[in-house]
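Before any comments, here is the structure.
In this text, all values refer to a predicted model and were calculated from it rather than measured experimentally.
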Amino acid sequence: LQIGAHQACGVLYLQLGRFSLSRRHLTQAVDILNEAAMKPSMVGIGYGDTSSVLANLAVGLWFLGYPEQARARMTEALALAEELANLYLW
């Protein structure tokens, strides 16, 4: 529930041009998703959410003037999306 709330707020603030607030919420969503991924019972959960959150975070970072951080986050997002696509090929 917290992940969805932070993601929704982050995307909303991104669309409103409130990039610092967007970054705060999207970073919190990534942190929660990363913590959940560490739990054995949660392995494999959150790939799609994490990829989406990272992509939105990358856009906000770009607008905030952090192109290298934006590129790194987008690279992470694409890698996770590719992993997710490969899961469904099997």
Side-chain angles (χ1 to χ4, degrees):
L1 192 58
Q2 284 183 339
I3 297 165
H6 284 299
Q7 184 175 8
C9 287
V11 171
L12 175 65
Y13 285 130
L14 181 64
Q15 293 173 347
L16 292 173
R18 307 282 305 271
F19 303 119
S20 292
L21 286 172
S22 174
R23 179 183 186 184
R24 184 182 318 157
H25 283 284
L26 293 172
T27 299
Q28 288 176 327
V30 170
D31 291 344
I32 294 167
L33 284 162
N34 287 339
E35 286 177 24
M38 297 291 193
K39 297 178 183 174
S41 62
M42 301 291 280
V43 170
I45 295 189
Y47 276 131
D49 287 336
T50 305
S51 180
S52 174
V53 171
L54 287 170
N56 283 300
L57 180 56
V59 172
L61 288 167
W62 180 267
F63 281 112
L64 284 169
Y66 300 105
E68 294 303 319
Q69 289 180 33
R71 182 184 179 120
R73 291 299 191 165
M74 189 59 77
T75 300
E76 284 181 72
L78 290 171
L80 284 173
E82 288 174 1
E83 282 183 45
L84 183 61
N86 289 333
L87 288 175
Y88 288 108
L89 291 176
W90 297 99

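- Connection of V11 to L80 is not established within any shared hydrophobic cluster, with ILVMFWY side chains joined at heavy-atom distances below 4.5 Å, either directly or through further cluster members.
- Distance SG/C9 to CZ/R18: 12.0 Å, rounded to 0.5 Å.
- Atom CD1 in I3 sits 4.0 Å away from atom CG in L33 (nearest 0.5 Å).
- No side-chain heavy atom of S22 sits under 4.5 Å from any side-chain heavy atom of N56.
- Under a cutoff of 6.0 Å and an axis angle of 45°, R23 and Y66 form a cation-pi pair.
- Considering only heavy atoms from C-beta on, M74 stays 4.5 Å or farther from L54 through its side chain.
- Atom OG1 of residue T27 and atom CG of residue L57 lie 4.5 Å apart, to the nearest 0.5 angstrom.
- Here the CG atom belonging to L61 is positioned 10.0 Å from the CG atom belonging to L14, to the nearest 0.5 angstrom.
- Below 30°, between 30° and 60°, or above 60°: for H25 and H6 the angle between ring planes is between 30° and 60°, a tilted geometry.
- F19 and V59 fall within a single hydrophobic cluster, where Ile, Leu, Val, Met, Phe, Trp and Tyr side chains are chained together by heavy-atom contacts under 4.5 Å.
- When all heavy atoms of A70 and W62 are compared, the closest pair comes out as CB-N, 3.7 Å.
- Under the 4.5 Å side-chain contact rule for hydrophobic residues, L64 and V30 share a cluster.
- Rounded to the nearest 0.5 angstrom, E76 CD and T50 OG1 are separated by 9.5 Å.
- When every heavy atom of L26 is checked against every heavy atom of V53, the shortest pair comes out as O-CG1, 3.4 Å.
- The heavy-atom pair separating A77 from A55 by the smallest distance is CB-N, 3.7 Å.
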